Amino acid sequence: MGSFMLRRILYVIPALIAVSLISFLVIAVPPGDFVTRTAELAAAQGDIMPLAEQEAMRRAYGLDQPIMVQYWNWITGVVLRGDFGYSFSFNLPVKDVIWPRLGLTVVLSVASLLFIWVIAIPIGIYSAVRRYSAGDYVATFLGFLGLAIPNFLLALAAMYIAFAWFGINVGGLFSPEFVEAPWSWPRVLDLLNHLWLPMIVLGTAGTASVIRVIRANLMDELHKPYVMAARAKGKGEFALLMKYPVRHALNPFVSGQNDIFVDIVSGGTIVAIVMGLQTTGPLLLNALRNQDMYMAASFILMLSVLVVVGTLLSDLLLAWLDPRIRHQQG
């Protein structure tokens, strides 16, 4: 297991280097920059920005240097000093803007994953063991419903029901008085009070997908010879179920967790805009529209790092769950 972990960790290093380079080039290579965007906005309001002023701004922001020089200065700042550059739009260091948003995004994503696990795993097991029962049909129907309804539509419906039926305003992750407040127990409790609805909205599609995966895999495992042999030896049905077929049926579920996490993070942008959530999605969208390159590249880099680390954890968990995987790879 130790050598397997070491190899997986070594694979992560070149992946992170490639991710950082692609994250920066995706923002920097297209024509135009933040100064061009600022000049266009000024011209739309009838204020012409002189070329000399534009060039001065480019020199001040370092945008007049070759792209690879800009990348090297940016990535060495990130690695050596934790400096993600300067946000042109906010007139603040990127790290002062990005960390609070990224923290809330991780909290919401992890909460959505926990919601998926708690709901989907028991229902998937029940549907496989009690297949073609009334409960199985209900779970299957709810699964189709969860996959068919877009998250943003579910968010709109949930917000309407919460406000019209219960008089609760569930927009955002904080009440207005706690949005800019420093962290304290009342602010944490306010976050938890607002977190449940976006957690359910973002977790619904993943829950439906996981139910289908576990049900299909467990139905396949239940009829294999090793299960019949264990049953013939008199092993208790529940202990047999949890020790062998469920464990094997979870392999595709574990390997697919990172995909679910990516779906939650990337697919949460529209939900975040609809529900007014203070997560990374709306801020990344604005950074891309305004060509705020260091802000956008830093967001893409951090989200990509989360995905790479999530893949690593998923691989390690899968190897622990199924020893055949680490033995097959030496």
Side-chain angles (χ1 to χ4, degrees), residues 97-98 100-121 123-124 138-181 187-213 256-290 296 299-300 302-303 306-307 310:
V97 182
I98 194 172
R101 295 280 186 143
L102 196 61
L104 290 174
T105 301
V106 171
V107 168
L108 179 57
S109 301
V110 171
S112 300
L113 277 179
L114 292 177
F115 171 79
I116 292 172
W117 295 348
V118 170
I119 300 297
I121 293 177
I123 293 178
V138 170
T140 304
F141 172 74
L142 292 177
F144 280 122
L145 205 61
L147 288 174
I149 300 177
N151 282 348
F152 76 90
L153 187 60
L154 187 61
L156 288 173
M159 291 176 69
Y160 172 78
I161 292 172
F163 182 77
W165 293 9
F166 302 102
I168 303 173
N169 186 0
V170 291
L173 287 174
F174 297 100
S175 300
E177 64 269 25
F178 287 107
V179 172
E180 300 295 339
R187 193 175 192 233
V188 172
L189 293 177
D190 187 67
L191 171 63
L192 296 177
N193 195 37
H194 286 77
L195 192 65
W196 62 274
L197 187 57
M199 176 188 74
I200 293 174
V201 170
L202 290 173
T204 300
T207 300
S209 176
V210 169
I211 288 174
R212 292 165 57 83
V213 169
Q257 286 308 289
N258 198 47
D259 295 335
I260 295 175
F261 179 79
V262 172
D263 290 341
I264 291 174
V265 173
S266 60
T269 300
I270 298 177
V271 173
I273 293 172
V274 170
M275 302 187 73
L277 306 180
Q278 296 87 359
T279 53
T280 56
L283 209 57
L284 174 59
L285 181 62
N286 285 331
L288 293 172
R289 292 176 58 188
N290 294 324
F299 266 128
I300 295 174
M302 294 306 296
L303 295 176
L306 287 176
V307 171

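Quick caveat: nothing in here was measured; it's all calculated off a predicted structure. We number each residue from 1, following the sequence as shown.
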**Q** Show me, pair by pair, the donor-acceptor contacts under 3.5 angstrom made by side chains of residues 139-149, not counting sequence neighbours?
**A**
unit_1 : atom_1 : unit_2 : atom_2 : d
Thr140 : OG1    : Asp136 : O      : 2.8
Thr140 : OG1    : Asp136 : OD1    : 3.4

**Q** Thr207 and Ala120: which non-hydrogen atoms are nearest, and at how many Å?
**A** O-CB, 3.7 Å

**Q** How far does CZ of Phe178 sit from CG of Leu189, to the nearest 0.5 angstrom?
**A** 8.5 Å

**Q** Do you know the tightest heavy-atom contact between Ser112 and Pro198?
**A** OG-O, 4.4 Å

**Q** Atom CG of Leu104 and atom CG of Leu277: how far apart are they, to the nearest 0.5 Å?
**A** 9.5 Å

**Q** Here's a test for you: under side-chain contact (heavy atoms from CB on, under 4.5 Å), which of Val107, Ile273, Leu108 qualifies with Thr279?
**A** Leu108

**Q** Output the distance between atom CG (Asn193) and atom CZ (Phe174), rounded to the nearest 0.5 Å.
**A** 11.5 Å

**Q** Looking only at heavy atoms, what is the nearest atom pair of Ala272 and Pro282, with distance?
**A** CB-CD, 3.7 Å

**Q** Within a radius of less than 6.0 Å around CZ of Arg212, do more than 12 heavy atoms belonging to other residues, nucleotides or ligands occur?
**A** no

**Q** CG/Leu288 to CG/Leu283 distance, rounded to the nearest 0.5 angstrom?
**A** 10.0 Å

**Q** Give, for atom CG of Leu284 and atom CE of Met302, the distance between the pair rounded to the nearest 0.5 Å.
**A** 13.0 Å

**Q** How long is the span from the CZ atom in Phe299 to the OG1 atom in Thr105, to the nearest 0.5 Å?
**A** 7.0 Å

